[in-house]
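Beneath this line is the structure, given in structure tokens, with notes to follow.
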Amino acid sequence: MKTIKKNWDLYLLIFPVIIYFIVFKYYPMYGAQIAFKDFIAVEGITGSPWVGFEHFKRFFNSFYFGRLIENTLVIGLYELAVGFPIPIILALMINEVKNKRFKRIVQTVTYAPHFLSIVVVVALLFMFLSPQTGILNNIIVALGGEPVSFMTEPAWFKTIYVLSGVWQTMGWSSIIYLAALGGIDPQLQEAAKIDGASKLQVIWHINLPAIKSTIIIMLILQCGSILGVGFEKVFLMQNSLNMEASDVIATHVYRTGIIGSQYSYSTAIGLFESVINFIVLIIVNYMARKINKVSLW
């Protein structure tokens with residue numbers, strides 16, 4: 001109690017955050033039990049009969065299971081392979097810029113897309129990639145090629161989704177790495193340069209090792225959401241022509257749960273996704289702790 005009274009202002013500051021997590025994160029977990037029930041709205045959660053793992057079995061045996069897992073996993077791995085290293089590279093490049101004015105301009109330009117809504121980003125994609133008026137297709141036609149319907153071709157969906165996401169988030173994601181780079185002792189870099197090290201050698205032997213812990217923590221967190229492909233952007237980019245490549249767990253939950261009113265079934269799918277993400281998080285965290293002595297816990 002003495003600690004609380006002494007630091008009451010700090011506890012008061014964090015109180016709204018605690019309330020937010022309780023109301024929007026922990027309390028809704030009570031409803032996850034309907035994944036094991038045949039939920040009937042008029043009976044409520046407690047009054048609905050238990051069915052065990054029937055909804056999970058139905059999902060595993062469904063026609064869409066293979067496609068959903070493949071699309072969600074491929075997009076998640078694609079984002080990890082492309083989207084994870086680019087903010088690190090961008091932060092290292094920005095850190096090497098000595099002209100402060102140019103550095104601020106680069107940071108502003110790369111940060112700006114983060115503040116665009118998903119709706120605006122997808123609208124821009126449809127404009128720029130239009131077969132008739134899109135800039136990219138105009139260039140392709142000018143070079144003698146045929147226009148490509150990027151937004152309806154299943155083969156292009158994952159690439160467009162991931163690369164547009166990288167463009168939107170790389171600047172904002174680089175902030176944490178820039179902050180870590182700012183904590184490096186300049187004397188180490190100066191000593192390396194005096195010893196004849198090039199810029200690439202300084203980056204490789206000093207900058208990267210200095211932010212290794214930050215990189216590992218961010219990697220663990222991203223691996224923990226490998227199946228957590230967002231709903232909004234996929235849904236906005238999705239159409240009947242690219243459905244085979246764009247249908248992921250989140251959109252399937254929306255169709256079955258919200259549109260189809262199959263609340264127990266959709267909850268079971270969402271719970272399955274969360275459990276897989278949790279298992280991956282535990283495994284990656286364990287490996288990071290064993291290999292690099294860095295982990296979330």
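None of the values given here were measured: they were computed from a predicted structure.
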So Phe65 and Phe272, would you call those rings parallel, tilted or perpendicular, with 30° and 60° as cut-offs? tilted
Would you tell me whether Lys103 and Asn95 have side-chain atoms, one donor and one acceptor, within less than 3.5 Å of each other? no
Looking only at the side chains, is there a donor atom on one of Tyr78 and Thr159 sitting less than 3.5 Å from an acceptor on the other? yes
Determine whether Tyr27 and Val23 make a side-chain contact, defined as any pair of heavy atoms from C-beta on separated by less than 4.5 Å. no
Can you sort out the partners of Phe84 under side chain to side chain contact (heavy atoms under 4.5 Å, CB included), two or more places apart, ordered by chain and number? Leu80, Ile88, Tyr177, Ile215, Met218, Leu219, Gln222
Residue set satisfying side chain to side chain donor-acceptor pair (under 3.5 Å) with Asp247, at least two apart, ordered chain then number -> Arg67, Thr251, Arg255
The single option from Asn138, Asn137, Leu136 passing side-chain contact (heavy atoms from CB on, under 4.5 Å) against Pro147: Asn137
Give the ring-plane orientation class for Phe53 versus Phe56, where under 30° counts as parallel, over 60° as perpendicular and anything between as tilted. tilted
Tell me every residue that passes side chain to side chain contact (heavy atoms under 4.5 Å, CB included) with Ile184, counting only those two or more places apart in sequence or in another chain. Leu181, Gln189, Ile206, Asn207, Ala210
Phe231 vs Tyr254 aromatic rings, parallel, tilted or perpendicular, using cut-offs 30° and 60°? tilted
What is the ring orientation for His114 with Trp172, classed by angle as parallel under 30°, tilted 30 to 60°, or perpendicular over 60°? parallel
4.5 Å side-chain heavy-atom contact, Phe150 and Ser130: no
Applying side chain to side chain contact (heavy atoms under 4.5 Å, CB included) to Ile283 and not counting sequence neighbours gives Ile279, Met287
Listing request: all side chain to side chain donor-acceptor pair (under 3.5 Å) pairs with a residue in residues 281-294, at least two apart in sequence or in separate chains. none
For Ser62, side chain to side chain donor-acceptor pair (under 3.5 Å) partners two or more places apart: none
Indicate the ring-plane relationship of Phe24 and Tyr20, choosing parallel, tilted or perpendicular according to the 30° and 60° boundaries. tilted
